[in-house]
Engineer: 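Below is one structure. I have some questions about it.
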Amino acid sequence: EAQVTQNPRYLITVTGKKLTVTCSQNMNHEYMSWYRQDPGLGLRQIYYSMNVEVTDKGDVPEGYKVSRKEKRNFPLILESPSPNQTSLYFCASTPLGRTYEQYFGPGTRLTVT
Amino acid sequence: QKEVEQDPGPLSVPEGAIVSLNCTYSNSAFQYFMWYRQYSRKGPELLMYTYSSGNKEDGRFTAQVDKSSKYISLFIRDSQPSDSATYLCAMSDDFNKFYFGSGTKLNVKP
């Protein structure tokens with residue numbers, strides 16, 4: 001089954017404790033992206049990647065890191081999480097040239113206390 | 001000022017009604033316009049995509065873009081309870097960076 005998977009789905013952590021949210025897709029898509037969704041603010045793009053080793057900042061990259069060492073994986077790294085990073089995070093992927101049709105993962109609900 | 005503005009609703013309509021959802025934007029460079037639907041506890045899924053100005057129809061759904069007014073709309077005809085969801089507009093100027101509205105929650109009552 002074609003899909004985007006994210007792990008973990010739920011995470012409660014404390015301020016300053018490094019964490020990684022994994023994202024994997026099995027559709028051989030070139031383009032992958034991370035978003036956070038907050039009430040009243042909608043989806044905001046954090047980082048995107050057009051292919052292996054090619055990443056760029058979205059609208060709200062501060063406090064986040066990403067890497068794209070393999071085509072299928074695009075992990076999101078929070079080196080020192082803070083409470084304002086409490087949010088619902090979505091990973092998405094799509095073939096290059098069809099980036100309007102992004103396939104979203106199921107979401108990761110992160111709480112930072 | 002936010003790049004994309006969208007009325008959060010909620011919007012409640014009876015089954016069979018015509019629904020109009022709208023977004024306004026400030027960046028005149030946007031030329032790719034999308035509507036996504038998001039069910040509760042799920043990721044968004046693409047409904048419609050439009051390039052530049054004009055209308056596009058797909059079944060019960062019609063997307064309209066008016067670039068002169070920086071205004072886009074999604075119309076749903078013969079609305080069904082299964083259409084109850086949050087509808088997100090999204091825009092891009094380069095197909096790499098995307099800007100989403102905050103979403104309008106729609107409830108279609110049987």
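None of the values given here were measured: they were computed from a predicted structure. Lettering of chains follows the sequences in order, A, B, ..., and the numbering in each one begins at 1.
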Engineer: Give a yes or no on whether Phe61(B) and Val19(B) share a hydrophobic cluster (residues Ile, Leu, Val, Met, Phe, Trp, Tyr; joining criterion: side-chain heavy atoms under 4.5 Å apart).
Structural biologist: yes
Engineer: Between Pro8(B) and chain A, which part of the residue has a heavy atom less than 4.5 Å away: side chain, backbone, both or neither?
Structural biologist: neither
Engineer: Just jot down the salt bridge (charged side-chain N to carboxylate O under 4.0 Å, His left out) partners of Lys69(A), sequence neighbours excluded, or say none.
Structural biologist: none
Engineer: Taking only residues two or more places apart in sequence, or in another chain, which ones meet Val52(A) in a side-chain contact (heavy atoms from CB on, under 4.5 Å)?
Structural biologist: Lys71(A)
Engineer: Chain A and chain B: which donor-acceptor pairs fall below 3.5 Å?
Structural biologist:
| from | atom 1 | to | atom 2 | distance (Å) |
| --- | --- | --- | --- | --- |
| Tyr31(A) | OH | Asn96(B) | O | 2.4 |
| Gln37(A) | OE1 | Gln38(B) | NE2 | 3.1 |
| Gln37(A) | NE2 | Gln38(B) | OE1 | 2.9 |
| Gly40(A) | O | Lys2(B) | NZ | 3.1 |
| Gln45(A) | OE1 | Phe98(B) | N | 2.8 |
| Gln45(A) | NE2 | Asn96(B) | O | 3.2 |
| Thr99(A) | OG1 | Phe95(B) | O | 2.6 |
| Tyr100(A) | O | Tyr36(B) | OH | 2.6 |
| Gln102(A) | N | Tyr36(B) | OH | 3.1 |

Engineer: Please determine whether residues Phe98(B) and Met50(A) belong to a single hydrophobic cluster, defined as Ile, Leu, Val, Met, Phe, Trp and Tyr linked transitively by side-chain heavy-atom distances below 4.5 Å.
Structural biologist: yes
Engineer: Please answer: with hydrophobic residues joined when any side-chain heavy atoms are less than 4.5 Å apart, are Val66(A) and Val60(A) in the same cluster?
Structural biologist: yes
Engineer: Answer yes or no: are there more than 12 heavy-atom neighbours, outside Ile12(A) itself, under 6.0 Å from its atom CD1?
Structural biologist: no
Engineer: Determine which pairs satisfy disulfide bond (SG atoms under 2.5 Å apart) with at least one residue from residues 31-110 of chain B, sequence neighbours left out, and list them in order.
Structural biologist: Cys23(B)-Cys89(B)
Engineer: When only pairs under 4.5 Å are counted, which of Ala90(B), Gly43(B), Gly101(B) shares the most heavy-atom pairs with chain A?
Structural biologist: Gly43(B)
